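Heads up, the thing below is written out as structure tokens.
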Amino acid sequence: MRKENITFRLESDKRVILDTIAAGLDRDRTYVLNEAVDLYLEVYQWQIAEIKAGVAEADAGDYATDEEVQAVFAKLTKIFSNISE
């Protein structure tokens, strides 16, 4: 895949952290930046796909009933109350 140079401004404290991560991985800054961009794009592409799927379900009238919502809420409430004890 063809690579291109890109320039952008970054806060100094973030550059220090970026360089620290790169050194810890024994990699250069470019490697860490490419990994970060890959992860960012992956997350947002997934999120956009999930939003589109949710909108399609809503458009099709595929909603949870009040009873289904209450059942899930009750289950989660019980789980989280057991965890905090």
Side-chain angles (χ1 to χ4, degrees):
M1 181 172 286
R2 185 169 171 254
K3 294 186 178 187
E4 297 181 17
N5 288 330
I6 185 170
T7 303
F8 66 98
R9 294 187 178 277
L10 184 66
E11 295 168 2
S12 297
D13 57 335
K14 290 179 183 175
R15 181 177 173 198
V16 169
I17 294 168
L18 179 66
D19 289 343
T20 301
I21 292 169
L25 295 173
D26 196 26
R27 297 289 192 152
D28 61 20
R29 186 184 305 141
T30 299
Y31 173 85
V32 177
L33 286 169
N34 276 304
E35 288 292 304
V37 170
D38 286 346
L39 289 171
Y40 179 89
L41 295 175
E42 183 181 324
V43 165
Y44 281 94
Q45 286 174 330
W46 169 85
Q47 186 178 33
I48 290 167
E50 289 297 312
I51 290 168
K52 287 180 179 180
V55 169
E57 288 176 7
D59 288 345
D62 187 9
Y63 298 99
T65 65
D66 288 342
E67 292 79 21
E68 290 170 328
V69 171
Q70 290 299 324
V72 170
F73 183 75
K75 182 178 180 180
L76 291 174
T77 300
K78 183 177 180 181
I79 289 170
F80 285 114
S81 68
N82 289 338
I83 290 172
S84 64
E85 292 176 355

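None of the values given here were measured: they were computed from a predicted structure.
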Taking [Y] as the starting point, is it possible to reach [X] by hopping between hydrophobic residues whose side chains are less than 4.5 Å apart?
{"X": "F73", "Y": "F80", "answer": "no"}
{"X": "Y44", "Y": "V37", "answer": "yes"}
{"X": "W46", "Y": "L39", "answer": "no"}

*Pair R2 + E4, salt bridge at N-O below 4.0 Å*: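 Answer for the salt bridge query: yes.
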Just distance, no hydrogens or angles: give the donor-acceptor pairs under 3.5 Å from side chains in residues 12-33, sequence neighbours left out.
from, atom 1, to, atom 2, distance (Å)
D19, OD1, R29, NE, 2.7
D19, OD1, R29, NH2, 3.2
D19, OD2, R29, NH2, 3.2
T20, OG1, V16, O, 2.8
D28, OD1, T30, N, 3.3
D28, OD1, Y31, N, 2.8

_Check this for me: L10, atom CG, are more than 12 non-hydrogen atoms of other residues, nucleotides or ligands nearer than 6.0 Å?_
yes
*Just wondering, more than 12 heavy atoms not from Q47 lying within 6.0 Å of its CD?*
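Enclosed: over 12 neighbouring heavy atoms sit under 6.0 Å from CD of Q47.
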*Value rounded to 0.5 Å, distance of CG in D66 from CD in Q70*: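 D66 atom CG to Q70 atom CD measures 7.0 Å (nearest 0.5 Å).
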*Roughly how far apart are K52 NZ and D59 CG, rounded to 0.5 Å?*
13.0 Å
*asked:* Please check: side-chain N/O of E68 versus main-chain N/O of T65, any donor-acceptor pairing under 3.5 Å?
replied: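 Yes: the side chain of E68 pairs with the backbone of T65.
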